[in-house]
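In what follows, chains carry the letters A, B, and so on, assigned in the order in which the sequence lines appear, proteins first and then strands, with residues in each chain numbered from 1.
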There are 2 protein chains.
Amino acid sequence: MSISEELLSNYGLRNTAFRKKLLKLFQNSESTLTVEKIKDKIGRKNDKVTIYRALSSFEKSGIIHQVPDKNNVSRYALCTSTCNSSNHTHHHAHFICDHCDNTLCLEEIDLPKIKTIKGFKFKKTELIIQGSCPKCL
Amino acid sequence: MSISEELLSNYGLRNTAFRKKLLKLFQNSESTLTVEKIKDKIGRKNDKVTIYRALSSFEKSGIIHQVPDKNNVSRYALCTSTCNSSNHTHHHAHFICDHCDNTLCLEEIDLPKIKTIKGFKFKKTELIIQGSCPKCL
DNA sequence: TTTATATTTGCAACTCAGTTGCGTTAACAG
DNA sequence: CTGTTAACGCAACTGAGTTGCAAATATAAA
């Protein structure tokens, strides 16, 4: 059993050909993935519905997490090994490139400590930085 | 000439009945506005195309700015008086309520100073906090 | 190995936000 | 008052994402 196969089983997901390919694609991918990019890389044989459903079950399991996207399109990245279905927290910022529209996880930038405001309850923080990525600079 | 009429003229926009109403709606609104909410408040007589076009010209002029939305729907808030078509910078965080899905500008929370990462150029920062708003707490 | 069952897949059809083209209307400058 | 240009409204479209359902297949149980 390969690592990706084991990972899928561990999360209670079935080892279908498509899901193995999808998981490997995430593992071999430097940056984040959109449905369009997944179609490009995996081939157009699989229906978009299958992709959407696989993504949402991967996300629920804690294998991947959704990241912001410039064009408000679904975009995902692999989680660190500490994630699971009940604890899905990330402490890094996200970077969106103004030119290539790509989103990257910036593990080296921590989220700021926010002092609570009276009347509010803060639960999650997302820090998005826009600019030029190394490829486009 | 009313303040809102003057504001529209100043930005080179025409004082149509609809745009005056829309601008006043923003000025009298505590929180941010979506197209749906605008339809509710202004009445369904105006076409959605008219609303979208008015919003994007208001945004281009620096009257309003787009704010994040939970459901990836267009959402806007009035800018401070320092904004215009060439300088459209905001230094506050945005809050999204998990329960009522509303977004608020948190003027009291400043954006963190980000140390640049080699190879990148950072231009804009967006800080989004999720949780419960005073109404839903 | 076979069988049962629950998950996954693929197709078609749909929803819903937002856009485009275009002819008409109305603001406003001259 | 008139010509120009911005704004409006309608219809038709786009594109991401969803839903229902029947067929296929991974996995557990016998």
- Query: Checking all strands, does B:V49 fall into the base, sugar-phosphate, or nothing category for heavy-atom contacts under 4.0 angstrom?
  - Reply: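 If one applies the 4.0 Å heavy-atom cut-off, B:V49 turns out to touch a base.
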- Query: How is A:R19 classified with respect to the nucleic acid when contacts are heavy atoms under 4.0 Å: base, sugar-phosphate, or nothing?
  - Reply: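 Touches sugar-phosphate only.
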Which whole-number value in Å describes the distance from [X] [atom1] to [N] [atom2]?
X	N	atom1	atom2	answer
B:D69	C:dC16	CG	P	16 Å
B:Y76	C:dA17	OH	P	14 Å
A:K39	D:dG15	NZ	P	11 Å
B:F18	D:dG9	CZ	C1'	12 Å
B:I51	D:dC10	CD1	P	12 Å
B:R53	C:dC22	CZ	P	13 Å
A:Y52	C:dA13	OH	P	19 Å
A:D47	D:dA16	CG	P	14 Å

- Could B:R44 and B:E36 be called an ion pair, given the rule that one side-chain N must be under 4.0 Å from one carboxylate O?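 Salt bridge present between B:R44 and B:E36.
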- Can the ring centres of A:F95 and B:F122 be said to be less than 6.0 Å apart?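 Yes, they do, as the ring centres are separated by less than 6.0 Å.
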- Which residue lies more 5' along DNA chain C, comparing A:A54 with A:K48 via nearest heavy atoms: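 The residue closer to the strand's 5' end, by nearest nucleotide, is A:A54.
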- Most 5' of A:G12 and B:T16 on DNA chain C, judged by nearest nucleotide: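 With A:G12 and B:T16 compared, the 5'-side residue is A:G12.
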- Query: Do the rings of B:H92 and B:H94 sit parallel, tilted or perpendicular, given the 30° and 60° boundaries?
  - Reply: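 Judged by the thresholds at 30° and 60°, the geometry between B:H92 and B:H94 is perpendicular.
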If the cut-off is 4.0 Å, is [X] near the phosphate of [N], judged by side-chain N/O to OP1 or OP2?
X	N	value
A:T50	C:dT8	no
B:S74	C:dA17	no
B:N15	C:dC28	yes
B:S57	D:dA7	no
B:N72	C:dA17	no

- Task: For A:R14 and for B:K45, locate the closest nucleotide of DNA chain D by heavy-atom distance; then report the residue assigned to the nucleotide nearer the 5' terminus.
- Result: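 This one resolves to B:K45.
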- Message: So, taking the atom named SG in A:C97 and the one named NZ in B:K121, what distance separates them when rounded to the nearest 0.5 Å?
- Response: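 The NZ atom of B:K121 is 12.0 Å from SG of A:C97, to the nearest 0.5 Å.
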- Item | From NZ (A:K118) to CD (B:E108), nearest 0.5 Å |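 So the gap between those two atoms works out to 13.0 Å.
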